Amino acid sequence: MNQYINPDYVPEPEKMNVKKGLEGAVIDTSSVSKVNPDTNSLIYRGYPVQELAENCRFEEVAYLLYKGELPNEKQLKDFEFLEKNYRQITPNNLKVIELLPKSCHPMDSIRTAVSFLGTEDNRIWEKDPATQFDKAVQLLAKIPTMIAADYRIKKGLPVIAPRADLSISENFFHMCFGNIPDPKIVKAFDVSLILYAEHSFNASTFTTRVVTSTESDIYSATVAGIGALKGPLHGGANEQVMHMMKEIADPDKARQWMLDALAQKKKVMGFGHRVYKSGDSRVPTMKKYAQLMADVVGEQKWMKMYNALEEVMVEKKKIYPNLDFPAGPAYYMMGFEIDFFTPVFVMARTTGWSAHIMEQSANNRIIRPLSEYIGAEQRSVVSLNQRK
Ligand code: COA
């Protein structure tokens, strides 16, 4: 055991107000989004996420998160013009991605590439709202290019340059696979980006706000956010869901697999949520598009398995799927390698992170909580030769 706990320590529950995992702690105000677990709803700047997913493109939602309002036609045209012009990354940034070990996880690649992007910005310390917005758009535009380049490099394929005549989703397929699939598949992907874009003070967003609160820069905050998102209890769960489904392999074995997992008290990836206790607001929409993917590719196996696993988990534990549960098989059926699922989450969540970074910057106070000390009582240092 590497954590020393003072044996004389007596907890004083009435004095000690530890909120393990910050459960229930309200850290600040925010106007970016609201999760309401009682009604299973999630709104971005007042708009229900389901309505945004069905009626808007990801670009409109990105604008909404950054600016607070949905764009009109002219605003969207200008915004897309700016974003499209920022898609290229520098040859040096590409070289950095090429130099990374082929075996490294794509989340490590994107974390490094975003970090390098920060070193290329000679206005890194400028934080007026217009400059912050411009940097946010650069992250939105360049992150997909970095992820797709890493995807191709890892496969030993030539990198495909971004195109300025395509939407973010179309262009991502183009840069990864060299073609743009059926519009239904593009829509399913676009919906996933909208659903993944923002989710109030989740672990990675809170991380970006902590870094921003020290008056650090947007790249450092984003790099920290990527680090937090990588973990399997957060964004990394979408990859783990697919590994689990591949391990189960047969939908007819899913029920027994889940019963065994629960008997062994395993944490089953893609289920549960800190805030939602009776279902994740984003799941019905994503499940619908995962089912659509299954119909398009003509493969029902994963959705059968989805339903079987969900049924047992709800029946036995009343724990519901979170967004990563439908997103995992949906991305798999779109043709992405499993370890690129969480980087796709990054290309969506950069919008929410940047919105929170801008909000934190605009009304900042350093985030500095306390801890309850359970270590040794105060004591004096004895000289080295007298220590036992
Ligand atoms: N599988 C099995 N049991 C689960 C579970 C899961 N995915 N999620 C929660 N539980 C159980 C816990 O074991 C615990 O049971 P207990 O009270 O008998 O000990 C209870 O539900 C409460 O869970 P807890 O771990 O305290 O919830 P949390 O708020 O700290 O954690 C998550 C939330 C999301 C981290 C957790 O549900 C989890 O690890 N899920 C899997 C990873 C995942 O899908 N992450 C993506 C989140 S969007």
Side-chain angles (χ1 to χ4, degrees), residues 18-27 33-38 40-42 44 49 53 107 191-208 225-248 254-287 290 302 305-306 308-332 338-339 341-346 348-349 352-353:
V18 175
K19 290 184 189 301
K20 186 81 174 161
L22 289 179
E23 182 165 6
V26 178
I27 303 298
S33 71
K34 181 181 177 187
V35 180
N36 189 339
D38 301 330
N40 271 1
S41 60
L42 167 64
Y44 296 171
V49 72
M107 282 298 275
V191 163
S192 80
L193 297 183
I194 293 171
L195 298 176
Y196 265 141
E198 162 58 13
H199 213 209
S200 76
F201 276 42
N202 57 82
S204 59
T205 301
F206 184 57
T207 301
T208 66
I226 294 170
L229 192 75
K230 182 184 170 189
L233 295 191
H234 191 10
N238 61 7
E239 295 180 13
Q240 298 309 319
V241 165
M242 205 56 227
H243 288 304
M244 172 182 82
M245 287 188 168
K246 286 190 80 180
E247 182 197 315
I248 300 168
R255 188 174 174 85
Q256 193 54 49
W257 185 95
M258 183 62 108
L259 290 170
D260 294 345
L262 295 180
Q264 292 161 31
K265 301 222 171 299
K266 271 192 193 161
K267 272 259 163 89
V268 183
M269 294 294 130
F271 283 91
H273 200 273
R274 171 61 63 78
V275 184
Y276 299 112
K277 295 299 173 198
S278 55
D280 179 330
S281 60
R282 304 162 296 177
V283 164
T285 308
M286 196 62 234
K287 186 178 178 187
W302 306 115
M305 197 180 289
Y306 178 117
L309 292 170
E310 179 185 29
E311 194 181 285
V312 188
M313 188 60 125
V314 173
E315 182 188 308
K316 300 286 173 198
K317 300 269 287 182
K318 292 252 173 313
I319 296 176
Y320 295 84
N322 57 54
L323 177 57
D324 294 318
F325 198 59
Y331 288 150
Y332 191 74
I338 296 176
D339 55 3
F341 294 1
T342 318
V344 168
F345 193 161
V346 173
R349 188 55 63 86
W353 289 338

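Computed from a predicted structure; not experimentally measured. Every number for a ligand or one of its atoms is a count from 1 in the order of the listing.
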Where does ligand 1 get N/O contacts under 3.5 Å from the protein, atom by atom?
{"unit_1": "ligand 1", "atom_1": "1 (N)", "unit_2": "Val268", "atom_2": "N", "d": "2.9"}
{"unit_1": "ligand 1", "atom_1": "7 (N)", "unit_2": "Val268", "atom_2": "O", "d": "2.6"}
{"unit_1": "ligand 1", "atom_1": "7 (N)", "unit_2": "Phe271", "atom_2": "O", "d": "2.8"}
{"unit_1": "ligand 1", "atom_1": "25 (O)", "unit_2": "Lys267", "atom_2": "NZ", "d": "2.9"}
{"unit_1": "ligand 1", "atom_1": "29 (O)", "unit_2": "Arg274", "atom_2": "NE", "d": "2.7"}
{"unit_1": "ligand 1", "atom_1": "30 (O)", "unit_2": "Arg274", "atom_2": "NH2", "d": "3.1"}
{"unit_1": "ligand 1", "atom_1": "40 (N)", "unit_2": "Phe271", "atom_2": "O", "d": "2.8"}
{"unit_1": "ligand 1", "atom_1": "44 (O)", "unit_2": "Gly270", "atom_2": "N", "d": "2.8"}
{"unit_1": "ligand 1", "atom_1": "44 (O)", "unit_2": "Asn322", "atom_2": "ND2", "d": "2.9"}
{"unit_1": "ligand 1", "atom_1": "45 (N)", "unit_2": "Leu233", "atom_2": "O", "d": "3.0"}

* To do: Evaluate the side-chain proximity of Met244 to Phe325: yes if any heavy-atom separation is below 4.5 Å, no if none is.
  => yes

* Asked: Does the side chain of Tyr276 come within less than 4.5 Å of Tyr320's, by heavy atoms?
  -> no

* Sequence neighbours excluded, which residues qualify as side chain to side chain donor-acceptor pair (under 3.5 Å) partners of Thr342? -> Asn238, Glu239

* Asked: Taking only residues two or more places apart in sequence, or in another chain, which ones meet Thr208 in a side chain to side chain contact (heavy atoms under 4.5 Å, CB included)?
  -> Thr205, Ala221, Trp353, Ile357

* To do: Report the residues that fulfil side chain to side chain donor-acceptor pair (under 3.5 Å) with Arg282, sequence neighbours left out, ordered by chain and then residue number.
  => His199, Asp280

* Asked: Just wondering, more than 12 heavy atoms not from Lys34 lying within 6.0 Å of its NZ?
  -> no

